Amino acid sequence: MDALAKSEFLPREHVAQKPLVFWRPTAKTGIVSWLTTVDHKRIGFLYGLFALFFFLVGGVEALLIRLQLAVPNNHILTSAQYNEMFTMHATTMIFLSVMPLSAAFFNFIMPLQIGARDVAFPRLNAFSLWTFVAGAIILNIGWFQASGAPAGGWFGYTPLTTRQFSPHHDIDMWVMGLQLLGVASIAASLNFVVTIINLRAPGMTMMRLPVFTWMTLVTAFLIVLAFPAITIALVELMMDRLFGTNFFEVSNGGMPILWTHLFWVFGHPEVYILILPAMGIVSEILPTFARKPLFGYPIVVFSGVCIGFLGFGVWSHHMFTTGMGAMATAAFSVTTMAIAVPTGVKIFNWVGTIWGGHLQMRTPMMFAMGFIWLFMIGGFSGVMHAAAPADSQQHNSYFVVAHFHYVLIGGSLFGLLAGIHYWFPLMFGRKVSEFWGKLSFWVIFIGFNVTFFPMHFLGLNGMPRRTFTYDANMGWAQGNLIATIGAFILAIGVGIYFTVMIYTFFNGERVGRDPWDARTLEWSLPNPPPEYNYRSLPHVRARDSWWYDKHNPAESHKPEAGHDGAHAGIHMPFQSIYPFTAALGLLVGGFAVSNMDPGTGHKLIVALIGLAIVVGSIYLWSLEGNEGYHLHPEDEEPSGSGHKTH
Amino acid sequence: MSSTAAAGTIDHHHDPTTSTGIPNKKLVMWAFLASDCMFFGCLISTHLIYRLHPPPGVPQARQVFSIELTSFSTFILLMSSLMMALAVNAIQKGNLRSLRSSLLTTIFFGCIFLGCQVYEFNNFVFEKHMTITNSILGTTFFTLTGTHGTHVAIGVFWLLLMYVRSFQPQDTDARPYWFLRNLLHIAVFIGAIVLTGYLLIWLAWAFQAGGFTLATLGKFAGANVLAAIADVACFLGIFRLGRTAGPYAFDEANAVDVEMMGLYWHFVDIVWIVIFTAVYLLEYI
């Protein structure tokens with residue numbers, strides 16, 4: 001069953017003459033090929049590159065924050081600059097680095113794991129990528145403008161972010177940038193949902209899906225259902241700021257607490273959007289290097305689904321100090337404690353996986369083990385916050401900062417760093433040296449703990465978040481100095497990690513197929529995988545499909561009649577420029593709208609031009625059709641001998 | 001596959017190329033609608049919450065709303081869903097003529113709904129003095145119903161593009177200017193909708209202001225003669241470009257495109273039922 005084969009549900013192949021606007025680029029190298037690519041692996045690679053760039057930007061912002069806090073009464077940054085730093089550090093790390101890095105793995109790995117040739121809507125995928133870039137540009141362009149970068153906190157609480165208290169355009173650009181990122185995330189997630197449900201290879205039932213693919217599905221549903229809440233909150237704020245409505249205007253009956261609710265209705269599922277992909281990656285790595293199947297696969301999957309479901313019912317634990325009333329506080333306290341149960345179940349399953357295994361302590365395994373430890377510490381402090389009376393004490397203190405860095409760096413980031421090491425040989429055909437990989441792990445691990453463990457004590461000693469400096473007699477000087485030293489150790493670790501990664505990309509040791517002797521389907525491919533992924537679509541016979549095939553060679557070599565792509569050639573979709581131009585239109589329009597002042601007509605005209613580019617691009621995109629060409633691979637290497645069928 | 005499937009040979013409820021048998025386009029639309037539910041859910045919640053805490057001086061919703069007009073436009077929107085369903089049914093049988101007439105009726109009903117909304121907004125702002133800025137009711141009402149109206153407008157635009165797309169010829173070599181022709185078709189269509197809406201609303205206001213007299217009509221005609229001529233020209237263009245000159249590339253295989261659009265249209269209708277209940281009817285209990 002060729003998932004991308006022509007069927008009655010796709011337009012016919014023969015379209016003879018088309019106007020010039022329907023020109024389809026065919027370049028396989030060069031800048032045009034990258035701007036017009038619809039290949040999920042290239043798109044994943046680009047997501048990864050942008051994410052790592054913004055990871056470094058966010059890291060520099062973090063170092064500046066730590067430098068400012070290193071000693072009491074420091075004045076490296078002004079208070080206004082400090083506000084910009086912590087706002088942009090959080091926004092960048094969450095939306096421009098961890099989420100797109102997860103998206104890079106969704107794009108690159110997920111279709112390979114389910115035995116598909118691409119995602120369901122390749123051009124929509126490209127649109128998501130470029131819209132993400134447009135949103136990232138609008139978020140960050142304030143650094144180069146008179147208004148300065150956004151400084152309202154990543155949570156953007158009203159009334160601080162209303163026109164009255166933030167009169168400049170930085171908040172407008174923050175609002176617009178996040179809206180574009182929302183469009184990008186929702187479009188990408190719709191694509192992943194359809195891909196996982198509809199493009200599985202024959203025999204790949206839902207309960208045979210690799211856990212990473214399962215977590216991709218849960219994350220995609222979370223994005224699809226949670227992002228509308230922040231989008232509407234942002235729309236209401238934008239209406240207040242641009243058109244003078246009263247959503248958050250107290251004097252006319254607006255209630256700023258509405259923003260807080262809408263934001264956290266999104267914001268709490270968002271933390272599971274950040275952690276579930278990492279949990280999926282770890283669930284792939286542990287069985288591979290423990291030489292055992294994942295312990296309790298169905299329980300791990302259902303725990304992930306359960307976390308996603310409960311994640312929508314806990315948002316008010318961010319608001320225990322707003323005076324919601326005893327009943328609401330108790331209810332959200334209970335649901336928050338309940339969500340720790342499936343999380344704990346997962347941790348026990350991971351422990352069960354490595355229990356009695358023949359552990360191979362390779363670099364990905366080190367990061368995965370680090371993930372379990374650090375995420376557990378962050379989880380424990382999370383349960384402490386669930387108790388509302390204790391939370392009133394910890395609220396807005398550095399204890400919270402310590403907690404969420406343990407789950408975001410120790411959790412999400414360690415999982416993603418493990419994933420980069422794990423799939424690097426598949427993506428590029430080269431392997432990172434074990435010595436340098438492990439060295440970077442230990443430096444990152446030590447640096448991370450030195451930075452964030454003291455923050456628990458700082459928080460319990462009353463140091464508030466988002467304060468740009470403090471007095472020497474507060475008793476916070478020692479902890480802050482240690483944290484700053486730790487931050488630089490962490491920076492050195494990250495520096496080693498990426499230097500080695502870049503070196504390996506160009507000069508690393510070449511490895512053959514399946515260097516880890518892994519279990520899931522993507523490892524059956526040559527590395528790097530050819531453009532069409534699977535020459536003939538795989539037939540899945542068991543949960544750890546590739547492992548099963550390796551150990552039952554007689555069964556797996558039976559020819560599958562009718563599934564060999566080499567007969568009629570492999571259908572490949574044409575590239576397209578319109579996803580890129582549509583995103584460009586969003587960038588132009590979004591930039592104009594977010595810089596609009598009352599009574600400036602020319603910016604309205606620019607906004608309308610942007611809209612026209614978007615509408616025109618989408619129109620041409622839908623008319624150019626999803627045709628393609630056929631590729632006839634001679635062997636398993638990408639031969640490039642494809643010829644156009646029309 | 002053959003380029004023209006004989007009518008009735010496609011199983012529209014099962015796509016053999018997907019794992020589940022559901023066409024990808026249909027599935028992505030269902031997933032999008034789930035997302036859109038959350039969008040409207042947040043906006044409707046906002047309205048309902050603020051409705052419970054009106055500050056002093058907020059206009060009374062009952063004195064602002066005109067339930068007769070809104071009931072009429074609600075009925076029209078529901079009937080448009082019927083026509084949309086007929087359009088999907090027509091293309092699943094490969095009946096292009098029936099598809100086109102059903103699409104045109106759907107567009108027509110959608111435009112009536114939008115026209116009523118434009119009239120209603122005008123009325124609220126200039127007669128009832130409820131603007132988007134001067135009260136919390138205006139803020140939530142205009143934002144919520146405006147968002148819904150935008151959805152309807154996007155739907156009408158999509159229907160229009162689908163209608164024009166159904167004129168794409170099968171033999172593009174014989175008719176090389178088909179694409180420019182389609183663009184012209186879209187332009188006259190949008191022109192006709194905008195000009196007709198403008199003229200009708202102008203006329204309604206003129207009658208309200210000057211009474212239902214010949215003099216008012218004469219004043220109206222004098223002020224809008226150019227717009228009226230342009231409007232007639234647009235309609236002539238629609239008739240001219242809408243003549244059948246087959247064979248067309250659009251056929252039964254495109255049924256999933258129309259069905260996907262239909263899902264969107266029905267969803268927007270259902271949202272209006274919720275809004276009509278929660279925003280309008282609730283005020284009369």
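A, B, ... follow the sequence lines: proteins, then strands. Residue 1 opens every chain. This one's a predicted model, so the numbers in the text were calculated from it and none came from an experiment.
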ask   = Do A:N246 side-chain atoms and B:T133 backbone N/O form a donor-acceptor pair below 3.5 Å?
value =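 The answer is yes, because a donor-acceptor pair under 3.5 Å joins these two groups.
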query = Under 3.5 Å, side chain of B:S35 to main-chain N/O of A:V224, donor-acceptor pair present?
reply =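 At least one qualifying donor-acceptor pair exists.
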With a 4.5 Å heavy-atom cut-off, do [X] and [Y] have their side chains touching?
| X | Y | result |
| --- | --- | --- |
| B:N24 | A:L199 | yes |
| A:V194 | B:W30 | no |
| A:L623 | B:Q168 | yes |
| B:D36 | A:P228 | no |
| B:T139 | A:M239 | no |
| B:F179 | A:L620 | yes |

Heavy-atom pair with the smallest gap, counting every atom of A:A229 and B:C42 = CA-SG, 3.6 Å
request  = Locate the shortest heavy-atom distance separating A:G253 from B:P55; write the atom from each residue and the value.
outcome  = CA-CG, 3.6 Å
What is the distance from atom [atom1] of [X] to atom [atom2] of [Y], rounded to the nearest 0.5 Å?
| X | Y | atom1 | atom2 | value |
| --- | --- | --- | --- | --- |
| A:F227 | B:F39 | CZ | CZ | 10.0 Å |
| A:N252 | B:I136 | CG | CD1 | 7.0 Å |
| A:I230 | B:M38 | CD1 | CE | 13.0 Å |

Under a 4.5 Å heavy-atom cut-off, does chain A meet the side chain of [X], its backbone, both or neither?
| X | answer |
| --- | --- |
| B:S45 | neither |
| B:S135 | backbone |
| B:L180 | neither |

key: Residue pair B:T143 / A:E236, side-chain donor-acceptor N/O under 3.5 Å   =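 A:E236 and B:T143 do not have a side-chain donor-acceptor pair below 3.5 Å.
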ask   = Between A:N198 and B:S19, do the side chains contain an N or O donor and an N or O acceptor separated by less than 3.5 Å?
value =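 Side chains of A:N198 and B:S19: no pair found under 3.5 Å.
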remark   = Applied to residues 42-57 of chain B, the salt bridge (charged side-chain N to carboxylate O under 4.0 Å, His left out) test, sequence neighbours excluded, yields B:R51-B:E283
Please classify the contact between [X] and chain B as side chain, backbone, both or neither, with a heavy-atom cut-off of under 4.5 Å.
| X | answer |
| --- | --- |
| A:L258 | side chain |
| A:Y619 | side chain |
| A:L190 | both |

task = Identify the residues of residues 144-163 of chain B whose heavy atoms come closer than 4.5 Å to a heavy atom of chain A, ordered by number, or report 'none'.
result = B:F157, B:L161
message = Only pairs of heavy atoms separated by less than 4.5 Å count here; which of B:T131, B:I49, B:T46 has the most with chain A?
response = B:T46
ask   = For the candidates A:S622, A:G244, A:S251, which exhibits the highest count of non-hydrogen atom pairs separated by less than 4.5 Å from chain B?
value = A:G244
query = Among A:V615, A:L124, A:I223, A:I197, who wins on heavy-atom pairs under 4.5 Å with chain B?
reply =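 Counting heavy-atom pairs under 4.5 Å, the top option is A:I197.
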request  = Kindly check if the number of other-residue, nucleotide or ligand heavy atoms within 6.0 Å of CZ (A:F309) is above 12?
outcome  = no
request  = Could you tell me how the ring of A:F247 sits relative to the ring of B:Y50: parallel (under 30°), tilted (30 to 60°) or perpendicular (over 60°)?
outcome  = tilted
